[in-house]
Amino acid sequence: MTSYNKKSIDDIDVKGKKVLVRCDFNVPIIEGKITNDKRIVAALPTIQKLAERGAKVILCSHLGRPKGEVNPEFSLKLVAERLSELLGKPVVLAADVIGPDAQAKAAALGEGAFLLLENTRFHKEETKNDPDFAKALAGLADVYVNDAFGAAHRAHASTEGVAHILPGVCGYLIQKEIGVMGKALSDPKRPFTAILGGLKVSDKIGVINNLLEKVDTLIIGGGMTYTFLKAQGKQIGKSFLEADKVELAGELLKKAEDKGVKLLLPVDHLCGDDFKNDCNTKVYPGGQIEDGWDGLDIGPESSKVFADAIKGSGTIIWNGPMGVFEFETFAGGTKAVATAVAESGGITIIGGGDSVSAVTSMGYADKMTHISTGGGASLEFLEGLELPGIAALQDK
């Protein structure tokens with residue numbers, strides 16, 4: 001298990017220094033409007049603290065996938081405007097990332113002032129972690145702060161490369177992520193329950209393997225259920241199956257048994273005769289799904305069994321929905337689990353986009369101890385993998 005004890009912005013003096021802050025401003029933009037500014041808001045504590053302490057704050061981020069070319073559609077212009085509103089101070093946008101405009105504006109920046117560089121992915125060198133690009137980016141500043149947990153699992157120039165050139169520390173967002181999730185994995189309040197959903201076993205193999213070493217109970221829902229049931233020789237109808245992972249699912253079931261981990265699979269399934277919201281539905285007992293029917297959510301009995309297992313938990317990590325929750329008909333299982341987690345009274349950590357959407361849309365976000373800001377990064381963290389964007393920062 002990778003454990004991080006990294007310096008944060010509280011461990012360094014930034015007065016009068018140019019500080020390059022890697023943020024995650026990869027926000028959804030539809031028809032020229034930011035539809036969700038949560039990631040921008042999440043970065044504010046770090047940005048504001050640096051400004052208060054007299055830093056000259058240079059912000060950078062990627063947005064979307066412009067594929068290494070300048071594309072106005074992926075400009076950070078709207079992000080700069082929203083940041084200005086939230087900070088109540090102007091945020092100047094540079095016309096480029098490491099070009100003459102960025103250099104001139106960085107050189108002219110005053111204490112407590114803000115500059116936002118243009119989209120780092122306008123350069124193909126960013127994702128290749130090109131050393132010359134990293135050097136040019138680092139050349140704009142004296143100190144580096146990484147606060148982009150959502151991109152910390154990528155070894156890119158702005159997330160990892162610059163940390164080998166400038167003294168690098170983490171911002172408050174990354175500090176919280178590694179603090180809360182790290183403690184849950186290394187010293188959890190027990191019983192420790194993990195809930196994993198989503199479609200594919202293959203996406204979660206490493207996570208399941210790592211968690212089986214640590215948890216007391218592992219609850220499995222979502223599409224990957226059916227690969228596990230198939231491994232038990234059960235009937236799954238036309239439910240989603242990763243045929244090449246059946247043997248592995250069997251091995252994971254055996255590992256859970258050997259480790260004394262209580263592994264819960266659904267005891268019933270809400271099935272549809274078609275993959276759409278308004279199809280015909282039928283509830284089948286666990287692993288007894290007839291041909292022509294597709295398991296699209298856990299059934300009502302499973303919701304109760306899972307809720308009971310969640311109830312007395314000291315620590316709960318949840319990643320992935322219980323069914324096709326985008327269809328209202330098949331959202332019940334995910335909602336039941338969200339309710340049980342919210343009411344558990346334990347330490348609750350939600351990681352991964354779909355689980356976050358579920359608890360947010362149901363109004364439970366403020367009842368959770370921690371909602372992770374990184375989909376892929378939180379999965380890799382739960383897997384026990386080293387995140388390059390954090391590993392490269394200075395140790396305490």
Q) So H269 and Y226, would you call those rings parallel, tilted or perpendicular, with 30° and 60° as cut-offs? A) tilted

Q: Indicate whether the side chain of Y172 and that of S8 have a donor and an acceptor atom separated by less than 3.5 Å.
A: no

Q) T159 side chain to H156 main-chain N or O, any donor-acceptor pair under 3.5 Å? A) yes

Q) With a 4.5 Å heavy-atom cut-off, do L140 and Q103 have their side chains touching? A) yes

Q) Just wondering, more than 12 heavy atoms not from E213 lying within 6.0 Å of its CD? A) yes

Q | Check: S84 and K89 side chains under 4.5 Å, non-hydrogen atoms | A | no

Q.
Please tell me whether Y4 and D395 have a donor and an acceptor in their side chains that are separated by less than 3.5 angstrom.
A. no

**Q.** For F228, ring-ring contact (aromatic ring centres under 6.0 Å, His included) partners two or more places apart
**A.** none

Q | Side-chain heavy atoms of S372 within contact of V356, under 4.5 Å | A | no

Q. Does some side-chain heavy atom of I316 sit less than 4.5 Å from a side-chain heavy atom of I347?
A. no

Q.
Quick check: do L387 and F381 have side-chain heavy atoms less than 4.5 Å from each other?
A. yes

Q) Taking 4.0 angstrom as the limit, do R190 and D216 come out as a salt bridge? A) yes

Q. Checking side chain to side chain contact (heavy atoms under 4.5 Å, CB included) against V19, which of V145, D142, V57 comes through?
A. V145

Q) Just checking, is any N or O donor in the side chain of S378 or E177 under 3.5 Å from an acceptor N or O on the other one? A) no

Q) Taking side chain as C-beta onward, heavy atoms only, is Y284 less than 4.5 Å from W293? A) yes

**Q.** Ion pair E85/R82, N-O distance below 4.0 Å
**A.** yes

Q: Verify the neighbour count for atom NZ of K105: are there more than 12 heavy atoms of other residues, nucleotides or ligands below 6.0 Å?
A: yes

Q: Verify the neighbour count for atom NZ of K238: are there more than 12 heavy atoms of other residues, nucleotides or ligands below 6.0 Å?
A: yes

Q.
Less than 4.5 Å apart, side chain to side chain, heavy atoms only: is that true for D132 and E125?
A. no

Q.
Under a 3.5 Å threshold, yes or no: a donor from one side chain and an acceptor from the other, between T329 and N277?
A. yes

**Q.** Over 12 non-hydrogen atoms of neighbours within 6.0 angstrom of NZ in K282
**A.** yes

Q | Modelled atom types, side-chain donor and acceptor of T227 and E242, under 3.5 Å | A | no

Q: Could you check if a side-chain atom of N146 sits within less than 4.5 angstrom of a side-chain atom of I174, using non-hydrogen atoms only?
A: yes

Q: Using ring-ring contact (aromatic ring centres under 6.0 Å, His included) as the criterion, list what pairs up with F133, not counting sequence neighbours.
A: H123

Q: Please check if any side-chain donor atom of H62 sits under 3.5 Å from a side-chain acceptor atom of R22, or the reverse.
A: yes

**Q.** The single option from Q175, R53, K49 passing side chain to side chain donor-acceptor pair (under 3.5 Å) against D10
**A.** R53

Q: Kindly check if the number of other-residue, nucleotide or ligand heavy atoms within 6.0 Å of CZ (R65) is above 12?
A: no

Q.
Using side-chain contact (heavy atoms from CB on, under 4.5 Å), reason through V207 and N319 one step at a time and then give a plain yes or no.
A. CA-CA 10 Å; V207 179; N319 188 298; over 6 Å; no

Q: May I ask you to check whether F275 and F327 place their ring centers less than 6.0 Å from one another?
A: yes

Q: Verify side-chain contact (heavy atoms from CB on, under 4.5 Å) between T193 and T315, making sure each step is shown before the conclusion.
A: CA-CA 6 Å; T193 301; T315 304; over 6 Å; no

